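If you're wondering where the values come from, they're calculated on a predicted model, not measured in any experiment.
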Amino acid sequence: MHPREDQFWLLVSLRFSGEATPEESAMLDRLLEERPEMAARLEATSDWWIHAAPRNPGLKKGALQRHLQRLNEREKLPPRRGGGRRLFLFIAGVAASLAGFSFFIYHWTPKHPTPTVAHNSISTKSGSKSKIQLPDGSQVWLNSDSRLIYSETFTGNEREVQLCGEAYFDVAKDPIHPFVIHTNTIDVRVLGTTLNVRSYSNEKNTEAVLIRGSVEVILHSDPEKKIILKPNDKLIVSNANLASTKTAKADADSGRTLNLGKVHFMARDSSAVEVLWVKNKLAFDKETLETVALKMERWFNVKVIITDDSLKQMEFSGVFEEEALPQVMEALRLTGNFHYTIRRRVVTIRP
């Protein structure tokens, strides 16, 4: 296995085990961006593991045993820092032809060994969305270019999921077992509620929007700072200072890192603009062209290039339900007074 792949699977296991630092989580996201084939390998296991393996348990067991044997023949990894922990096994399923879902089994040995934990990883590509039912009955709508990782059984004191991207959660009530959403910037702790969490690694901010219920948000940069959200609250946290906890704490104290506001509603039907994507509506709410471009890339599965930095801070608002890419671009052009071209799957915007 290539050293770069060793590093990749190590970071995946650290994130699953909860040992990954913010820097390691950011490094994993960078690897996924730099090496698309790695993300594809994660996503391509689902068809075999989710569909073929359950119909033939012996096939799954045989693949697992063969993989264990190959890994046991490899040189052991260096000890994990702090508690002398050693990660010694990474399993990434079996490659398949279709992408969209992934299933991982990982095992690690702390001072006091714990049972092997199985995790599902559900991924969506640009231009696609997915609806998921979790083991506890909670419903999750996963937006384009997003990934959700969760335990196969949801055993333990908390129901934990890891999100990279955007998802709308309708969480089943269970006061005894809180539901915790982990992102690179914040953790959101709920008992039973409806909310939207947006945390893309290539965007400047992480957002949490509460529709119903009550949640507690914990900042990774300042774990002692807990923020309680009430219905229609919208929390925006900057991703800019992830690399420096000290800087992030200082900025949090000065109010530059987070902003607590309210959900924006449409006048005609009282729908929250922040969650219109669940109804298959592409919405912009006083958002810069730079942010609009990222949304369109994921929505239409295209690449958007803005040739002039002066255009990036122009703000746009609008809701599109069934419009195709050319119609959306033309509506934006009329508002922003710029020029654009669409060639194959590349949109170029210029003054």
Heavy-atom pair with the smallest gap, counting every atom of S144 and S128: OG-O, 2.9 Å
Test item: L282 and V319 side chains (from C-beta on) under 4.5 Å apart, heavy atoms: no
D308 atom CG, neighbour heavy-atom count above 12 within 6.0 Å: yes
N196 and E166: side chain donor to acceptor below 3.5 Å: yes
Exceeds 12 heavy-atom contacts within 6.0 angstrom, atom NZ of K204: no
K230 with D233: basic N within carboxylate O range, under 4.0 Å: no
Contact check, side chains of L260 and K234, non-hydrogen atoms, under 4.5 Å: no
Heavy-atom closest pair, residues K295 and A283: NZ-O, 2.9 Å
Heavy-atom closest contact (K129 atom, T124 atom, distance): C-CG2, 4.0 Å
Residue pair I349, M329: steps toward the side chain to side chain contact (heavy atoms under 4.5 Å, CB included) verdict: CA-CA 9 Å; I349 300 175; M329 287 304 306; 3.9 Å; yes
Side-chain touch S130/I132, heavy atoms, less than 4.5 angstrom: yes
Rounded distance (nearest 0.5 Å) linking atom CG of N301 with atom CG of L325: 11.0 Å
Electrostatic pair R189-E158, nearest N-O below 4.0 angstrom: yes
Minimum side-chain heavy-atom gap I181-F169 below 4.5 Å: yes
Euclidean distance, L229 CG relative to L235 CG, rounded to 0.5 Å: 5.5 Å
Donor-acceptor pair, side chain of H177 and main chain of R159, under 3.5 angstrom: no
Nearest heavy-atom neighbours spanning D145 and Y200: O-CE2, 3.2 Å
Non-hydrogen side-chain atoms of I305 and K303 separated by less than 4.5 Å: yes
With F316 via side chain to side chain contact (heavy atoms under 4.5 Å, CB included) - residues at least two apart: L289, V292, M314, L332, T335, F338
S138 vs D170, side chain to side chain contact (heavy atoms under 4.5 Å, CB included): CA-CA, chis, key distance, verdict: CA-CA 6 Å; S138 296; D170 190 355; over 6 Å; no
pair T307-T348: side-chain heavy atoms closer than 4.5 Å: yes
Residue pairs, two or more places apart or on separate chains, that pass salt bridge (charged side-chain N to carboxylate O under 4.0 Å, His left out) and touch residues 318-342: E330-R333
Spatial distance of atom OG (S126) from atom CE (M296) [nearest 0.5 Å]: 13.0 Å
Gap separating the CG atom of D136 from the NZ atom of K173, nearest 0.5 angstrom: 14.0 Å
Ring-face cation contact, W141 with K279, 6.0 Å cut, 45° max: no
Criterion side chain to side chain contact (heavy atoms under 4.5 Å, CB included) on F179 and V161, from CA distance to verdict: CA-CA 8 Å; F179 191 98; V161 300; 3.9 Å; yes
Residue pair E160 / H182, side-chain donor-acceptor N/O under 3.5 Å: yes
Donor on one side chain, acceptor on other, W299 and N143, under 3.5 Å: no
Trace of the side chain to side chain contact (heavy atoms under 4.5 Å, CB included) decision for V346 with V302: CA-CA 6 Å; V346 178; V302 296; over 6 Å; no
Rounded distance (nearest 0.5 Å) linking atom CD1 of I186 with atom CG of D222: 13.5 Å
Pairwise side-chain contact, V188 with V180, heavy-atom cut-off 4.5 Å (strictly under): no
Minimum heavy-atom distance between L210 and V263, given as atom pair plus value: O-CG2, 4.3 Å
Where T183 and S199 come nearest, the two heavy atoms and their spacing: CB-OG, 3.4 Å
NZ (K262) with more than 12 external heavy atoms under 6.0 Å: yes
pair N184-T206: side-chain heavy atoms closer than 4.5 Å: no
Any residue meeting side chain to side chain donor-acceptor pair (under 3.5 Å) with N157, in chain and number order, not counting sequence neighbours: none
Pair N120-Y150, side-chain donor/acceptor within less than 3.5 Å: yes
